[in-house]
Amino acid sequence: MDIKKNRAIGVFDSGIGGLTVVRALMERLPFENIIYFGDTARVPYGIKSVETINRYAMQITEFLLKKDVKLLIVACNTMAAVAYQAIRDLSPVPVLEVIEASAKIAVAETRSKTIGVIGTPATINSNAYSRAIHLLDRDAKVFSQACPLFVPLVEEGWFDHAATRLVALEYLKPVMAEHIDTLVLGCTHYPLLKPLFQDIVGKQVRLIDSAEAMAEIAADLINRENLSNETRLSPDYLFCVSDVPYRFQTIGERFLGRTLPRVEMVRL
Ligand code: DGL
């Protein structure tokens with residue numbers, strides 16, 4: 001048996017939002033071991049400076065590489081937008097990130113080549129989504145909107161709440177005015193608001209969930225590089241966090257869609 005193939009996939013995020021990516025990975029790659037790191041002590045990243053986000057991203061990368069992962073997945077759109085190159089430079093193992101994954105699906109899905117992107121201020125200000133989409137299709141029109149209030153609303157568990165609906169109506173108004181037919185949910189937290197968003201934008205707009213896109217791309221890479229775990233036992237899942245905040249368990253389980261098993265607090 002090839003020991004390298006048994007090594008875990010390392011997934012990281014600024015907090016618990018990346019569990020939406022873990023959930024998609026568990027479904028798509030049910031035999032892979034996963035180590036997750038959520039920087040719950042320092043979340044949110046999306047409103048922090050590029051320097052700070054980069055520094056935090058380097059610390060998490062070093063932590064997961066010490067755990068001997070075979071693949072790194074940057075589940076956090078904000079870190080992917082700002083620190084992807086630095087993470088790649090540091091990592092001897094392949095690194096995947098959510099932005100390219102979502103951009104590919106958005107370009108494949110849009111009919112009118114008119115794409116909306118919502119994300120944290122750091123993600124939107126970086127222009128990473130526009131760049132990734134335009135690399136794939138120069139003619140696509142991209143309309144972006146920073147939505148800083150969605151992360152705290154999701155952390156609060158207000159997935160279908162009047163306040164969240166009001167905020168969503170306000171944020172989505174300018175992108176909807178551009179007659180987009182595809183909306184990229186460019187933040188780990190947003191898949192939990194999918195039913196609400198779909199209700200607001202209507203069925204004619206396709207929502208692109210970066211979690212599902214990421215799992216698909218990870219599965220492709222694992223097959224292509226022959227990294228598939230051949231052990232057909234229940235996989236090991238380890239969840240590391242830098243703090244255990246109030247309501248962590250309940251919110252975490254909503255993200256993961258199942259009980260949150262082994263959670264360890266670590267100091268970077
Ligand atoms: N994980 C971040 C993202 O996907 C959202 C939360 C944050 O601001 O840290 O952009």
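First listed ligand is number 1; within each ligand, the first listed atom is number 1.
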For a distance cut-off of 3.5 Å, show me each N or O of ligand 1 paired with any protein N or O, plus the separation.
{"from": "ligand 1", "atom 1": "1 (N)", "to": "Asp13", "atom 2": "OD1", "distance (Å)": "2.7"}
{"from": "ligand 1", "atom 1": "1 (N)", "to": "Ser14", "atom 2": "OG", "distance (Å)": "3.0"}
{"from": "ligand 1", "atom 1": "1 (N)", "to": "Thr188", "atom 2": "OG1", "distance (Å)": "2.9"}
{"from": "ligand 1", "atom 1": "4 (O)", "to": "Asn77", "atom 2": "N", "distance (Å)": "3.0"}
{"from": "ligand 1", "atom 1": "4 (O)", "to": "Asn77", "atom 2": "ND2", "distance (Å)": "3.3"}
{"from": "ligand 1", "atom 1": "4 (O)", "to": "Thr188", "atom 2": "N", "distance (Å)": "2.9"}
{"from": "ligand 1", "atom 1": "4 (O)", "to": "Thr188", "atom 2": "OG1", "distance (Å)": "3.2"}
{"from": "ligand 1", "atom 1": "8 (O)", "to": "Tyr45", "atom 2": "N", "distance (Å)": "3.3"}
{"from": "ligand 1", "atom 1": "8 (O)", "to": "Gly46", "atom 2": "N", "distance (Å)": "2.8"}
{"from": "ligand 1", "atom 1": "9 (O)", "to": "Ser14", "atom 2": "OG", "distance (Å)": "2.6"}
{"from": "ligand 1", "atom 1": "9 (O)", "to": "Tyr45", "atom 2": "N", "distance (Å)": "2.7"}
{"from": "ligand 1", "atom 1": "10 (O)", "to": "Thr78", "atom 2": "N", "distance (Å)": "3.2"}
{"from": "ligand 1", "atom 1": "10 (O)", "to": "Thr78", "atom 2": "OG1", "distance (Å)": "2.6"}

Using distance only, find each side-chain donor-acceptor pair of residues 79-86 under 3.5 Å and give its atom names and separation, not counting sequence neighbours.
{"from": "Tyr84", "atom 1": "OH", "to": "Val95", "atom 2": "O", "distance (Å)": "3.4"}
{"from": "Gln85", "atom 1": "NE2", "to": "Asp89", "atom 2": "OD1", "distance (Å)": "3.1"}

Show me the donor-acceptor pairs, under 3.5 Å and distance only, between side chains in residues 20-27 and residues at least two apart or in other chains.
{"from": "Thr20", "atom 1": "OG1", "to": "Gly17", "atom 2": "O", "distance (Å)": "2.8"}
{"from": "Thr20", "atom 1": "OG1", "to": "Thr188", "atom 2": "O", "distance (Å)": "3.1"}
{"from": "Arg23", "atom 1": "NH1", "to": "Arg254", "atom 2": "O", "distance (Å)": "3.4"}
{"from": "Arg23", "atom 1": "NH1", "to": "Phe255", "atom 2": "O", "distance (Å)": "3.4"}

Qualifying residue for side chain to side chain contact (heavy atoms under 4.5 Å, CB included) with Trp158, from Leu192, Leu196, Leu153, Leu193 = Leu153
Enumerate the residue pairs fulfilling salt bridge (charged side-chain N to carboxylate O under 4.0 Å, His left out) with a member in residues 33-52, sequence neighbours excluded, ordered by first and then second residue.
-> Asp39-Arg42
Pair Asp181-Ser112, side-chain donor/acceptor within less than 3.5 Å =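 Yes.
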Glu100, CD: over 12 other non-hydrogen atoms inside 6.0 angstrom |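 No - once you tally the heavy atoms of other residues, nucleotides and ligands closer than 6.0 Å, there are 12 at most.
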